[in-house]
Number of protein chains: 2
Amino acid sequence: MTSAAASALAGLVRRLESIGPLSAVERRAVADLPVAIRTLPPRCPIVREGDRPSQCCVVLQGWLCRSNVLGSGKRQIHSLHIAGDMPDLQSLHLPVMDHNLDTLTPVLMAAIPHEALRDVIAAHPGVAAVLWRSTLIDAAMVRQWMVCLGRRAALEHVGHLLCEMYLRQQAVGLASGFQCPLPVTQSDLGDALGLSTVHVNRVLQTLRAMSLITLQNGTLRIHDWERLVALSEFDPTYLHVEAASA
Amino acid sequence: MTSAAASALAGLVRRLESIGPLSAVERRAVADLPVAIRTLPPRCPIVREGDRPSQCCVVLQGWLCRSNVLGSGKRQIHSLHIAGDMPDLQSLHLPVMDHNLDTLTPVLMAAIPHEALRDVIAAHPGVAAVLWRSTLIDAAMVRQWMVCLGRRAALEHVGHLLCEMYLRQQAVGLASGFQCPLPVTQSDLGDALGLSTVHVNRVLQTLRAMSLITLQNGTLRIHDWERLVALSEFDPTYLHVEAASA
DNA sequence: CGGTGCGTTGACATTTATCAAACGCGGTGG
DNA sequence: CCACCGCGTTTGATAAATGTCAACGCACCG
């Protein structure tokens with residue numbers, strides 16, 4: 001095993017333990033999974049709607065998104081994924097993909113064969129429980145995005161997304177001091193928010209004018225966390241992190 | 001065990017087997033689960049955001065919805081649930097509810113204690129796999145709703161929902177002949193679709209004027225399935241049913 | 001030096017929300 | 001039996017939010 005693979009698996013173990021408890025044996029089983037490390041360019045498809053993948057991704061570096069594209073060409077992103085995430089874990093139980101998985105930035109990822117994962121799950125119910133819980137948290141985030149899409153005004157919606165992405169990155173050590181990477185274009189944000197690029201741009205300017213945030217060169221700075229949270233009625237319960245302090 | 005309980009569990013076994021295979025032993029284990037049968041009036045809360053439920057629901061009759069309510073009083077429904085569904089199965093692994101579960105119509109349901117479910121899951125990985133898959137299908141439906149919310153016009157969105165609810169009911173034997181129950185108010189539909197009641201009303205009239213559907217007295221009639229599917233770009237892949245023929 | 005992609009701006013169009021009122025109909029009590 | 005009431009639906013007028021289209025600037029990169 002290469003050292004890159006070993007460190008990828010160590011990261012996976014750490015992430016899973018932040019989701020639920022693992023015994024020593026279970027940790028070991030995860031750490032012994034076979035992985036293939038891959039580097040991908042930005043805006044690159046990983047899995048397409050209709051595919052039947054035979055492996056799961058673990059993000060090591062970079063940002064991915066899951067999305068559907070309509071006949072009109074309109075795209076809706078349903079989730080953004082950062083280091084530690086397993087964005088297509090569901091393919092383990094839903095063989096046919098009902099959406100796309102793409103990179104947004106350059107990505108470093110590990111691929112784990114379904115077969116190997118299934119073996120570990122069968123032998124270690126504790127691992128299964130943590131992975132199941134992980135897919136449930138994923139679903140909870142999608143539900144909350146849905147609430148934003150359906151019932152929040154653009155300003156609150158953008159604010160909500162920024163709060164979420166800051167906290168999620170903070171939880172995996174990628175953010176602190178109310179500052180974090182946000183290396184996505186305004187057009188990508190629009191596809192995630194269900195808004196047009198132009199409107200995203202204007203909302204971001206409004207948030208800046210309100211001295212709440214700045215977003216420059218792929219870096220988000222939150223100048224007033226409290227007010228941003230209040231504005232967007234952000235309640236981190238749905239992230240299901242034990243200590244989601246900011 | 002009462003006969004109502006026995007028949008509820010028989011129904012549950014049937015539903016689970018439509019989601020994934022169960023061995024004879026596993027079927028038995030499910031059929032032996034303890035259940036409490038409950039009747040609920042319409043518009044009645046079952047579980048609230050913040051609760052820590054100790055049991056899971058199985059819907060036997062009637063309609064439920066999961067939703068969040070914002071400070072402004074706006075409600076977004078993330079899913080509609082019909083007989084056979086287990087709308088709060090996730091509470092098994094996510095102890096704190098991040099949304100509400102309510103009845104829309106009078107409901108007959110079975111409650112299964114978490115503890116009993118956990119025992120069965122621990123003893124029977126096959127049952128765990130089917131339940132996991134069930135939560136993943138649930139998540140897939142939410143993702144598709146998200147796409148509708150973010151990127152579809154109201155007309156297509158309404159059409160999409162009608163197609164989905166017809167097919168889902170057909171799959172559990174509650175619908176046939178392009179006709180099915182839809183016992184929810186236009187205001188509930190609005191909360192599910194992210195639209196105002198008034199707009200839902202107008203869109204339904206448009207669909208009727210196009211000779212696509214009629215919706216009267218809680219009954220939906222689809223007059224031209226093909227055109228409705230085309231209009232709403234409805235692709236049932238996301239329901240992850242093997243034979244979703246109409 | 002000239003693309004190309006992204007961010008920004010302005011003018012205008014469209015969709016959808018909001019508000020207010022009326023309507024229909026089943027249920028209920030006089 | 002009839003009047004009334006409540007709930008859900010329907011309608012019209014108007015407002016607000018957001019989308020679309022077109023153009024421009026600016027930085028990065030070949």
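Letters A, B, ... mirror the listed sequences (proteins, then strands); counts begin at 1.
Nucleotides of DNA chain C with any atom under 4.0 Å from a heavy atom of chain A span, from 5' to 3', C:dC6 to C:dA11.
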Apply the test side chain to side chain donor-acceptor pair (under 3.5 Å) to residues B:Asn217 and B:Thr219: give CA-CA distance (whole Å), side-chain angles for both, the deciding distance (0.1 Å), then the verdict. CA-CA 6 Å; B:Asn217 306 329; B:Thr219 296; over 6 Å; no

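Heavy atoms of A:Gly190 sit nowhere under 4.0 angstrom from any nucleic acid atom. Residue contacts shown for A:Gly194 are limited to sugar-phosphate atoms, with no base heavy atom under 4.0 Å away. Among the protein residues, A:Ser196 comes within range of the nucleic acid bases, having at least one heavy atom under 4.0 Å from a base atom.
Between B:His160 and B:Tyr238, the ring center distance clears the sub-6.0 Å criterion.
Against DNA chain C, the stretch residues 143-157 of chain B makes heavy-atom approaches under 4.0 Å through B:Ala153, B:Ala154.
What separates CD of A:Gln186 from P of D:dG19 is a distance of 14 Å, to the nearest Å. The interatomic distance linking A:Asn201 (CG) with D:dA23 (P) rounds to 19 Å, in whole Å. Rounded to whole Å, the distance from NZ on B:Lys74 to P on D:dA16 is 14 Å. The NE2 atom of B:His199 sits 14 Å away from the C1' atom of D:dA16 (whole-angstrom rounding). Going from atom CD of A:Gln216 over to atom C1' of D:dC26 covers 14 Å, rounded to whole Å. As a whole-Å value, the separation of A:Arg202 CZ from D:dG19 P is 11 Å.
A:Leu231 places a side-chain heavy atom less than 4.5 Å from the side chain of A:Leu207. In this structure, A:Arg168 and A:Asp85 have side chains that are in contact, with non-hydrogen atoms separated by less than 4.5 Å. No side-chain heavy atom of B:Val35 sits under 4.5 Å from any side-chain heavy atom of B:Val58. Residues B:Gln144 and B:Asp235 are not in side-chain contact: their nearest non-hydrogen atoms beyond the backbone lie 4.5 Å or more apart. The closest side-chain heavy-atom distance from A:Pro87 to A:Met109 is not below 4.5 Å.
Between the side chain of B:Ser232 and the backbone N or O of B:His157, no donor-acceptor pair lies under 3.5 Å.
With respect to A:Asp138 and A:Arg66, a salt bridge is recorded, a charged nitrogen being found less than 4.0 Å from a carboxylate O.
A residue-by-residue look at B:Val198 and B:Val203 shows that B:Val203 has its nearest nucleotide of DNA chain C further toward the 5' end.
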